[in-house]
Amino acid sequence: MKNFLKQLKEGLLDNNPTLVQLLGMCPTLATTTSVKNAFGMGLATTAVLICSNLFISLLRKFIPKQVRIAAYIVVISGFVTAVELLMRAYFYSLYQSLGLFIPLIVVNCIILARAEAFASKNKPLPSIVDGVSMGLGFTLALALLATIRELFGSGTLFGYQVMPDAYEPITVLILPAGAFLTLGFLIAVVQKFRNNAEDKKRLAEIRENRDHATAERKEETEA
Amino acid sequence: MTLGSVFLLMFSAILVENFIFSKFYGCCPFLGVSEHPDTALGMGMAVTFVMTVSGAATWAVYHYFLAPLHLEYLKTVAFILVIAALVQFIEMFLHRFVPALYSALGIYLPLITTNCAVLSSALLIVQKGYNFVEAICFGFAAALGFTMAIVVFAGVRSRMTMADPPRAFKGFPLTLITAGLLAMAFSCFSGVQF
Amino acid sequence: MGKNVKSIFVVGLKLLLICAVVAGVVSFVYTVTEKPYQANIDSTKREAVETIFGESGLTLTELDTDVYKVEKGGALKGYCAKGVGVGFNGDIELMVGYDQSFTVIGVSIVTNSETPGVGSRALEASYLERYKGQSGEDADVDALSGATYSSRGVKAGVKDATERLILALGK
């Protein structure tokens with residue numbers, strides 16, 4: 001259980017697929033004009049990721065090494081098509097607003113990367129947990145980006161007016177250019193935090209070394 | 001269909017509906033393989049080649065195989081398989097017969113299978129109901145737009161290596177912000193009509 | 001050599017098996033979801049038509065692709081047709097409703113990618129209202145300043161829809 005929580009934290013924060021590993025940029029940039037779209041895209045990807053991870057993990061001894069990438073792509077595209085069919089039947093308006101980006105989940109590098117790096121080497125249960133944590137990490141990043149873009153770009157959240165009427169929306173945030181800019185600043189913030197943590201760690205290391213050295217010297221002089 | 005309409009289609013695919021700056025198709029290689037203009041050009045050429053051929057191939061697969069059998073809903077699976085096989089085939093063909101081109105494009109070719117620009121152009125061709133000639137022209141033009149964007153971007157980025165940005169912005173964030181500024185420039189093309 | 005051929009055969013067979021299973025699963029999902037999907041398409045279309053005509057319980061008969069005859073309880077209410085015009089950021093798809101004398105009674109947008117807050121002003125109900133009572137072929141509606149291309153796209157879409165209707169009715 002503790003292991004699973006650690007895995008979850010890994011996917012959501014430490015090793016977030018979008019903000020830290022910088023994978024799956026196309027859907028991140030394209031579907032974050034509204035929070036609703038971002039959640040739809042994130043959860044659809046999560047569903048595909050969980051299914052493909054489970055399936056590939058179950059088949060990891062069956063799939064021949066030489067053609068594994070082709071086999072993964074077939075499995076992934078199958079699940080993506082299934083998700084697409086389900087969405088157009090039960091979430092029609094979301095299906096319409098995401099458009100071509102649902103079939104494009106096939107070529108989202110996150111899914112292939114997790115299949116190759118994790119599911120093909122691990123048992124089914126950890127693979128499912130990996131799918132959940134990576135998928136939710138992706139969804140979280142998308143939701144964060146979309147919240148910023150929708151709130152300031154059109155003054156709404158989930159389509160409801162949030163900002164006061166006097167607020168003039170910064171339309172550029174909703175446009176393609178705004179996607180690049182917002183994501184750039186968001187990743188800069190993430191890097192800032194990571195740099196700070198790294199600095200702190202290094203500083204602690206240096207201090208420890210120094211303390212250690214002085215202690216040794218003290219011992220020497222005493223001897 | 002006249003020559004004019006083909007020209008119009010290509011113009012709009014290259015500039016107005018640029019794959020990267022207005023549709024976000026193919027952003028991964030755009031952000032990943034754009035550190036140097038030469039490598040960017042190599043990637044662009046490889047993509048152009050594959051996208052033109054795959055545009056024709058997927059069109060044929062859809063209209064002569066999937067549509068008659070009423071299996072349209074399998075198009076994503078079929079297209080990605082066709083593209084993967086095509087990339088593999090092109091790689092072997094170039095390796096055997098055009099070694100010079102192979103060594104120039106070699107490392108970029110396998111990356112193209114997971115380039116969403118290729119799959120999305122195949123899907124768009126079907127969605128917009130293009131005929132065979134239009135399909136080839138669209139694939140070629142969209143890829144040309146991709147190449148232009150990535151080469152221009154690599155040119156800007158190679159200049160930026162000399163800059164000294166704040167530490168938090170180093171690397172990827174600065175790349176994204178540059179792309180944002182270029183996207184603003186490209187947005188001037190939207191609304192161009194004849 | 002024999003072993004090599006055999007292993008290639010096995011690899012191929014395994015891959016084929018995976019493909020077959022995946023295709024089977026997808027086909028199953030397709031058969032399950034096809035009906036609700038068609039129902040979705042129908043209800044979206046119906047909603048668009050019903051908002052234009054301002055009443056429910058209408059019967060739609062398809063005369064041609066995306067051209068409909070609208071009836072209520074056997075009495076002819078008018079016609080509806082879908083049209084496409086090029087806006088600022090690509091195609092604007094819209095649905096146009098007509099009364100029996102082919103005067104426009106309403107326009108509703110199906111899909112668009114116009115700039116929110118700028119071009120999208122030409123897609124708002126208050127602007128589309130101006131098409132009411134106009135002839136579809138040559139509507140006398142001015143473009144909105146600042147949203148010229150989007151307005152032009154709407155006008156082209158209305159014209160396209162009208163032409164389709166005329167073609168379908170053979171007049």
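Residue numbering restarts at 1 for every chain, and letters A, B, ... go by the order of the sequence lines.
- The contact between A/C109 and chain B is made entirely by side chain atoms (from C-beta outward), counting heavy-atom distances below 4.5 Å.
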Full working for side chain to side chain contact (heavy atoms under 4.5 Å, CB included) between A/L104 and B/Y25: CA-CA 9 Å; A/L104 287 185; B/Y25 303 138; 3.6 Å; yes
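- No other option in A/L100, A/T81, A/T182, A/V74 has as many heavy-atom pairs under 4.5 Å with chain B as A/L100.
- For an aromatic pair to be called close, the ring centres must be under 6.0 Å apart, and B/F24 with A/F101 fails this.
- For B/L31, the part lying near chain A is the side chain, with the backbone staying farther off; criterion is any non-hydrogen pair under 4.5 Å.
- In B/F65, the CZ atom is not crowded: 12 or fewer heavy atoms of neighbouring residues, nucleotides or ligands sit closer than 6.0 Å.
- Contact annotation for B/T113: both backbone and side-chain heavy atoms come within less than 4.5 Å of a heavy atom of chain A.
- Taking a 6.0 Å sphere around CZ of A/F193, one finds it holds 12 or fewer heavy atoms contributed by other residues, nucleotides or ligands.
- Residue B/A183 comes nearest to A/A177 through the heavy atom pair CB-CA, 3.7 Å, listed as atom of the first residue, atom of the second, then distance.
- Applying the 6.0 Å contact sphere to OH of A/Y92 captures more than 12 heavy atoms from other residues, nucleotides or ligands.
- Atom CE of A/M25 is separated from atom CZ of B/F30 by 13.0 Å, given to the nearest 0.5 angstrom.
- B/F172 approaches A/I187 most closely through the heavy-atom pair CD2-CD1, 3.7 Å.
- Of the atoms belonging to A/A30, heavy atoms from both backbone and side chain fall under 4.5 Å from chain B.
- Taking 4.5 Å as the limit, every side-chain heavy atom of B/L81 sits out of range of all side-chain heavy atoms of A/I73.
- Contact annotation for A/V172: only side-chain heavy atoms (C-beta onward) come within less than 4.5 Å of a heavy atom of chain B.
- Looking at every heavy atom in both residues, B/R167 comes nearest to A/Q191 through O-OE1, 3.9 Å.
- Contact count versus chain A (heavy atoms, under 4.5 Å) is highest, among B/C28, B/G171, B/A85, for B/C28.
- Each of A/L186, A/N108, A/I76, A/L183 has some count of heavy-atom pairs under 4.5 Å with chain B, and the biggest count is that of A/L183.
- Atom NE2 of B/H95 sits in a sparse spot, with 12 or fewer heavy atoms from other residues, nucleotides or ligands closer than 6.0 Å.
- Within the 4.5 angstrom heavy-atom criterion, only side-chain atoms of A/L85, from C-beta onward, approach chain B.
- Closest approach of B/I177 to A/L181, counting heavy atoms only: O-CD2, 3.7 Å.
- Closest non-hydrogen pair, A/C26 versus B/G26, comes out as SG-N, 3.8 Å.
- For A/L23, no part lies near chain B; criterion is any non-hydrogen pair under 4.5 Å.
- Shown here is A/F62, whose CZ atom has more than 12 heavy atoms of other residues, nucleotides or ligands within 6.0 Å.
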Audit row: A/V107, B/I80, side chain to side chain contact (heavy atoms under 4.5 Å, CB included) steps and yes/no: CA-CA 9 Å; A/V107 281; B/I80 192 80; 3.8 Å; yes
